[in-house]
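This report refers to the structure that appears directly beneath it.
Naming: A, B, ... by sequence-line order, numbering from 1 per chain. Predicted, not measured: the structure shown is a model, and the values here were computed from it.
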Amino acid sequence: MSDSIAIDLRNVTKRFGDVTAVDNISLQIRDGEFFSMLGPSGCGKTSTLRMIAGFEYPSLGQIYIHGREMGHIPPYQRPVNTVFQSYALFPHMTVEQNVAFGLQMKGVDKASIPGRVKEALEMVRLGSFGARRPRQMSGGQQQRVALARALVNHPEVLLLDEPLGALDQKLRKEMQLELKGLQERLGITFIFVTHDQEEALTMSDRIAVMSQGNILQVGSPTEIYERPICRFVADFIGETNFIDGTVREANGTHATLATEEGLHVQGYTPRPVQPGQSATISIRPEKARLLPVNGNSTPAANTMPVRVERVSYIGSDTRILVRAHGGRSLSVWEQNTLSTLDREAYWEAGDEAVLACPVDNALVLTE
Amino acid sequence: MIEASSKTQARPTVRPGFRLGTISWGNWALGTHALLVYLFLYVPIAVLVLFSFTQDQFGTRWTGFTFDWYARLFSNDRLMGAALNTLYVALASTVASTVLGTLLAMAMERTRFRARPAVDGLLYLPIVIPEIVMALSLLAFFAFFFDIIEFVTGATLRRSLTTVTLAHIAFSISFVVVVVRTSLKNFDMRLEEAAADLGANGWKTFWRITFPLILPGIIGGALLAFTLSLDDFIISLFLSGPGTSLLPVEVYGRVKRAITPEINAISTLMLMLSMTLVFLSQVLQRRR
């Protein structure tokens, strides 16, 4: 991956009437990167993509593609192509004609078009479907035609607007791997818009998490999952337990929180906090441990006594719902590393236990 | 095709209703009703066609078969002249109203402004106002307009084929807009974005994507305009000038004196023309 910048957004704002869809965002996407924009619907991810494509122009700010300011350059003069959520295949043309369209519009040498179309269709494993009409194909096949139609033009950047949204779960997984493989082979920058966090984690080199027109965090899937910068990101990506409280002590990277029940929990702070400030502890269910009650010792740091409420065995792991003293429920996932039918190996409802969480597995987050 | 037929098979063949044997009374009555309505609609037309071949010179009794009236028709300069005028007006007004109406439909479908509902309503007014009112208003307008021209330039203008054509364009546009807008509503705007994304400018996008996809609607609108113009009577009567009469007006003038099989013959030809056009339009639209 080279270090040059494919897409550079500088203080971009987009307003539709009174509604601010994108609120002063700045973002750099590297050349050859698989970059995802992730967020709930209405977070501004699609508006951002449409501004890069040229379907909308920013109300404020600039967009650069490979160093060139896009300003009001129309979509048909930009070095990017889009794969639409609804595919938007031309229904009156065959698959071949659909794929050839971009090359014809660009005035590519006529003799070379059939070869390139064939190559693009083979790349998406639709070599023998050229003569069909889009409506004679399944959703997954249409999706691949849309991909071939965009990639045949050798765009500098490929924009994908929730392209897997209409596919069923199994096909989706297949397409995720296929897309990722394609991107690695071609080395083209992919900008992928999705509201599916698992999809973003699976495919992306980096992810931008968006909410209400803002970018909350940009980072690798690991960074986003392991070190979410705020409560929203921790909540949106994966599952987590939140415990609200007040900061008691803080020293740069770590802080101690006092919960309403009077427990003290210590955790890592991605952002500096001040004593007295209210904050939230986030503990991922797979990062907490359940330990047997050790009668006489004094409670260790970052532990709390709990009672097991419900145990769901789901094969690869066991999901345990526990209730802390004071009524708060928390979930803990234990991986089933032992192959045994012995019921003693698992927790049962009613068991008393201690929930423990290493300091670096707990995160002290603010809004 | 396979899918379609399996769908029809999947539909239950048994329908609820009062049953006698395998045919329910309700379906029997409905079928008979449909037959009667078709007879009511088409027997008069069949009689007209039949009597265009009768030897009876008043064209109201069957006295034997002949092609004579068609032969006479083609040598009747007055009737043929009126037929040619009618075709000319119909073709010219169809082309003009289709182009103008399609562009207007696109403008109405793609722009949003506060007064749009009101403007929408105005557009459909020519469809609902009585034709006699439309005819009078056009007549008054041309009289007024000609006066102004005469006052300003001294030139005297008269009603002519041009005024009829303009009048036909005026009342056809609304119909074209209604039909074309239906196809524009069903048109997926994202296809235009996709075309722009693939490098097509507005002009190429229109001709390669939008136009082919809304063409059935445009053809439908054009056919409607053509048939409306072909059989228009009131506006043609008011707006055509001396010596430039159109077929419906000419036919009416002759019928006032006497019905002749010649009139039946030319009516039959007009009927054939309309039916061919409707048939063609259905074939064209089904191909998509």
Q) Taking all atoms of both residues into account, what is the closest heavy-atom pair of L198(B) and M105(A), and its distance? A) O-CB, 3.6 Å

Q: Search all heavy atoms of I209(B) against all heavy atoms of M93(A) and return the closest pair with its distance.
A: CD1-CE, 3.7 Å

Q.
Just to verify, what does Y88(B) make a side chain to side chain contact (heavy atoms under 4.5 Å, CB included) with, not counting sequence neighbours?
A. L161(B), T165(B)

Q) Checking heavy atoms, do the side chain of R50(A), its backbone, both or neither come under 4.5 Å from chain B? A) side chain

Q. Once you round to the nearest 0.5 Å, how far does CZ of F84(A) lie from CG of D188(B)?
A. 9.5 Å

Q) Quick check: are there more than 12 heavy atoms from other residues, nucleotides or ligands sitting under 6.0 Å from NZ of K118(A)? A) no

Q | Residue selection (most heavy-atom pairs with chain B, distance under 4.5 Å) from A146(A), S86(A), G107(A) | A | S86(A)

Q) About how many Å separate NE2 of H92(A) and CG of L213(B), when rounded to the nearest 0.5 Å? A) 4.5 Å

Q) Within a reach of under 6.0 Å around CZ of F279(B), are more than 12 heavy atoms found that belong to other residues, nucleotides or ligands? A) no

(Q) Quick check for you: among E192(B), K204(B), E193(B), which has the greatest number of heavy-atom pairs under 4.5 Å with chain A? (A) E193(B)

(Q) Other residues, nucleotides and ligands only: do more than 12 of their heavy atoms fall within 6.0 Å of CZ on R116(B)? (A) yes

**Q.** Y76(A) vs T205(B) side-chain heavy atoms within contact, under 4.5 Å
**A.** no

Q | Pick from N153(A), N81(A), V83(A), V80(A) with the largest number of heavy-atom pairs that fall under 4.5 Å of chain B | A | N81(A)

(Q) How about OH on Y42(B), more than 12 heavy atoms from neighbouring residues, nucleotides or ligands closer than 6.0 Å, or not? (A) no

Q.
Quick one, Q77(A) with N201(B), criterion side chain to side chain contact (heavy atoms under 4.5 Å, CB included). Give me CA distance, side-chain angles, the key distance, then yes/no.
A. CA-CA 9 Å; Q77(A) 286 168 356; N201(B) 59 24; over 6 Å; no

Q | L89(A), part contacting chain B, at a heavy-atom distance under 4.5 Å | A | backbone

**Q.** Segment of Q104(A) engaging chain B (4.5 angstrom heavy-atom cut-off)
**A.** side chain

Q: Considering only heavy atoms and a distance below 4.5 Å, find which of A88(A), A53(A), P74(A) pairs most often with chain B.
A: A88(A)

Q.
Taking the side chain as everything from C-beta on, heavy atoms only, tell me whether R190(B) gets closer than 4.5 Å to Q85(A).
A. no

Q | Residue pairs passing the salt bridge (Lys or Arg N to Asp or Glu O under 4.0 Å) test where at least one lies in residues 88-117 of chain A, sequence neighbours excluded | A | none

Q. Above 12 or not: heavy atoms from other molecules or residues under 6.0 Å from CZ of R110(B)?
A. yes

